[in-house]
Number of protein chains: 2
Amino acid sequence: MSTAALLEKDRRTQAERTALSDAKMLSAAVELICAKGTTRTTLKEVGELAGYSRGLASHRFGTKDQLFTFIVRSVGELWLKELRLAVRDEVGVRAIGAAVDAHQAFITQGANNIRAFYILWFNSIGPDQGLREVVANIHHRRRRDVENWIQKAVVNKELSSTVDYRGAAQNFCAAIIGIVYQWLADPENVEHIRELHTILKTQTALALGKAH
Amino acid sequence: MSTAALLEKDRRTQAERTALSDAKMLSAAVELICAKGTTRTTLKEVGELAGYSRGLASHRFGTKDQLFTFIVRSVGELWLKELRLAVRDEVGVRAIGAAVDAHQAFITQGANNIRAFYILWFNSIGPDQGLREVVANIHHRRRRDVENWIQKAVVNKELSSTVDYRGAAQNFCAAIIGIVYQWLADPENVEHIRELHTILKTQTALALGKAH
DNA sequence: ATATTACTTGCTCGCAACAAGTAATTTTTA
DNA sequence: TAAAAATTACTTGTTGCGAGCAAGTAATAT
């Protein structure tokens, strides 16, 4: 049942209650992270902005770190799915192209949850945070996807078997991170972001084609 | 006068006292950031690890944000200088190559201040932080340097005048950020980092040469 | 009606931030 | 040139706020 539908009811099951408060707190946290960053976002405010008590976010998630983990996991899963959907059963250069287009559409349409997701992503850099391994996991799976797209095209004979699919995927993912960085650092400059995506596409195509 | 020399003296000028405590607190902060990340680093601990009172870091820097700003500025300036030194008066593809080599040497030699610098760099992403503009400033100057290297080679006729030097520089810097991300996410894998640097060099050369 | 689960309120601890203090160095003045 | 006054470096005292936990109340389930 959707969040909107849950809001209509005047009596909800316990499961529905937690689902609703989870959803509301998730969106409150996203707003706050986008508005004031991770350090200035407080669990107290997350609970209150969601329409509950100061203590609920603490109680539900335990720590700030765990709330952030929850967000990254939720948005990250959604996001991987969307990317795969965009690529469908394309392989090789066309798959990369579709993924880059989808990525660009995602971040330029400016949904706050993607923005918060990437802010958390970058903030997770550094030692000790529990968030780190969740991010590493998503990052790894993303790279594996890219590797698969390329490898399938090699099997297909669309690409040369001498292609270094692991290296190409690594480099591709590194470049994506770089682009996202630029986007977060200067969100206004949409044209710049578009340009970076285009360059990435042609460069990756070049890197893959070069091995022919 | 060097920090080591200042330590010898039993009487120091006021300027020397602050220079010494600044240096000690800087290095304490770097250690703490590398050891436990930015959020778990406290001003209290910075002062105490540096051998002073719990309150000095607060008193000197005001806020955590301003301490971090101080670190990024200090290390960032040093770092830009070193890069320029490595490039000397090379231009074009050779300048890029020299810069990439220097960058790789920097981060693989694993000096903690570079590591802390980049951790702060990534953590500064997001809204509202004072740190942000300092990072943006350094980032911008770095990109300008790269643009200049390319442009000089165009003037030199080493590179075609149809080269998009701004786009190439943007893309290059985005890729550097991506590489640094990978390094911080998985510092052990030195070989991977080396590889990414190599790929970046060849790809940039390709992107520049292609326009001939 | 009782039990379970969701949420709230009360509380403690630690840190940031600031104010008011003490200690070191510099300047003044005789 | 040396004590006194002023300035600058650093420390200690205090307040406020949020995290995190415990012990409550309210809603749903049995």
Side-chain angles (χ1 to χ4, degrees), chain A residues 1 3 6-29 32-33 35-71 123 128-131, chain B residues 1 3 6-26 28-29 32-33 35-71 120 123 128-131:
Chain A
M1 186 173 274
T3 304
L6 282 178
L7 283 167
E8 300 300 314
K9 307 178 70 172
D10 59 339
R11 185 187 167 94
R12 308 181 189 92
T13 68
Q14 298 288 55
E16 285 171 340
R17 286 177 81 194
T18 49
L20 186 61
S21 57
D22 263 6
K24 281 183 171 175
M25 288 198 290
L26 186 97
S27 112
L32 288 169
I33 289 167
K36 37 209 286 189
T38 51
T39 54
R40 291 179 205 280
T41 293
T42 67
L43 289 174
K44 180 172 169 279
E45 231 177 332
V46 169
E48 285 170 349
L49 183 60
Y52 296 87
S53 67
R54 64 175 171 77
L56 185 58
S58 260
H59 183 267
R60 180 72 47 80
F61 300 108
T63 68
K64 243 172 118 168
D65 229 52
Q66 284 174 284
L67 164 62
F68 292 161
T69 299
F70 175 74
I71 296 175
N123 277 272
D128 183 76
Q129 317 236 8
L131 188 46
Chain B
M1 186 174 273
T3 304
L6 282 178
L7 282 167
E8 299 299 313
K9 307 179 71 173
D10 58 341
R11 186 188 165 95
R12 309 182 188 93
T13 67
Q14 297 288 54
E16 286 171 339
R17 287 177 80 194
T18 48
L20 186 62
S21 57
D22 263 5
K24 281 183 172 176
M25 287 198 291
L26 185 97
L32 288 169
I33 290 167
K36 38 208 286 189
T38 50
T39 53
R40 290 178 207 280
T41 293
T42 66
L43 289 174
K44 180 171 170 280
E45 231 178 331
V46 169
E48 285 170 349
L49 183 61
Y52 296 86
S53 68
R54 65 178 169 76
L56 186 59
S58 260
H59 183 268
R60 179 71 49 78
F61 300 108
T63 68
K64 244 173 116 167
D65 229 51
Q66 283 173 284
L67 164 62
F68 292 161
T69 299
F70 175 74
I71 297 174
L120 288 171
N123 278 272
D128 182 74
Q129 318 236 5
L131 188 46

Peer 1: Less than 4.5 Å apart, side chain to side chain, heavy atoms only: is that true for A/Arg60 and A/Phe70?
Peer 2: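 No, every pair of side-chain atoms sits at 4.5 Å or beyond.
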
Peer 1: In whole angstroms, how far is the C1' atom of C/dC7 from the CG atom of A/Leu20?
Peer 2: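 Whole-Å distance recorded here is 13 Å.
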
Peer 1: Rounded to whole angstrom units, what separation is found between the OH atom of A/Tyr52 and the C1' atom of D/dT25?
Peer 2: 17 Å

Peer 1: For B/Arg11, answer base if it contacts any base atom (sugar-phosphate contacts may also be present), sugar-phosphate if it contacts only those atoms, and nothing otherwise; contact means non-hydrogen atoms under 4.0 Å.
Peer 2: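 B/Arg11: base contact, heavy atoms under 4.0 Å.
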
Peer 1: With nearest nucleotides of DNA chain C determined for B/Arg12 and B/Thr63 from heavy-atom distances, which residue corresponds to the more 5′ nucleotide?
Peer 2: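 Whichever sits nearer the 5' end wins; that is B/Thr63.
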
Peer 1: What's the CZ-C1' distance between A/Arg54 and D/dA22, to the nearest Å?
Peer 2: 12 Å

Peer 1: Rounded to whole Å, how long is the line connecting atom CD of B/Glu16 with atom C1' of C/dA24?
Peer 2: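 From B/Glu16 CD to C/dA24 C1': 13 Å.
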
Peer 1: If I take atom CZ from residue A/Arg54 and atom NE2 from residue A/His59, how far apart are they, to the nearest 0.5 angstrom?
Peer 2: 12.5 Å

Peer 1: Heavy atoms from C-beta onward define the side chain here; which of D/dA9, C/dC7, D/dT28 lies closest to that of A/Thr13?
Peer 2: D/dT28

Peer 1: Quick one: which of A/Asn123, A/Leu131, A/Leu32 gives a side-chain contact (heavy atoms from CB on, under 4.5 Å) with A/Thr38?
Peer 2: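 Testing A/Thr38 for a side-chain contact (heavy atoms from CB on, under 4.5 Å) against A/Asn123, A/Leu131, A/Leu32 leaves exactly one candidate, A/Asn123.
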
Peer 1: Closest to the B/Ser53 side chain: C/dT25, D/dT11, C/dT8?
Peer 2: D/dT11

Peer 1: What is the distance from atom NZ of A/Lys64 to atom OG1 of A/Thr39, rounded to the nearest 0.5 Å?
Peer 2: 6.0 Å

Peer 1: Would you say C/dC7 has OP1 or OP2 under 4.0 Å from some side-chain N or O of A/Ser21?
Peer 2: yes

Peer 1: Between D/dG20 atom P and A/Gln66 atom CD, what is the distance in whole Å?
Peer 2: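 These atoms are roughly 8 Å apart.
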
Peer 1: Can you figure out which of D/dT11, D/dA9, C/dC7 approaches the side chain of B/Leu56 most closely?
Peer 2: D/dT11

Peer 1: Of B/Lys64 and A/Ala15, whose closest DNA chain C nucleotide lies nearer the 5' terminus?
Peer 2: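 Nearest nucleotide further toward 5': that of A/Ala15.
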
Peer 1: Rounded off to whole Å, could you give me the CZ-to-P distance for the B/Phe68 and C/dA16 pair?
Peer 2: 9 Å

Peer 1: Using whole Å, what does the distance between atom C1' of nucleotide D/dA26 and atom NE2 of A/His59 come to?
Peer 2: 13 Å

Peer 1: Take atom CZ of B/Phe61 and atom P of C/dC18, then tell me their distance rounded to the nearest Å.
Peer 2: 16 Å

Peer 1: Regarding A/Thr42, tell me which of base, sugar-phosphate or nothing describes its non-hydrogen contacts under 4.0 Å with the strands shown.
Peer 2: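 Touches sugar-phosphate only.
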
Peer 1: If you only use heavy atoms from C-beta on, which nucleotide in D/dA9, D/dT28, C/dA17 is closest to the side chain of A/Gln14?
Peer 2: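 Looking only at side-chain atoms, A/Gln14 lies closest to D/dT28.
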
Peer 1: Picking from A/Ile71, A/Thr69, A/Asp22, what satisfies side-chain contact (heavy atoms from CB on, under 4.5 Å) with A/Phe61?
Peer 2: A/Asp22

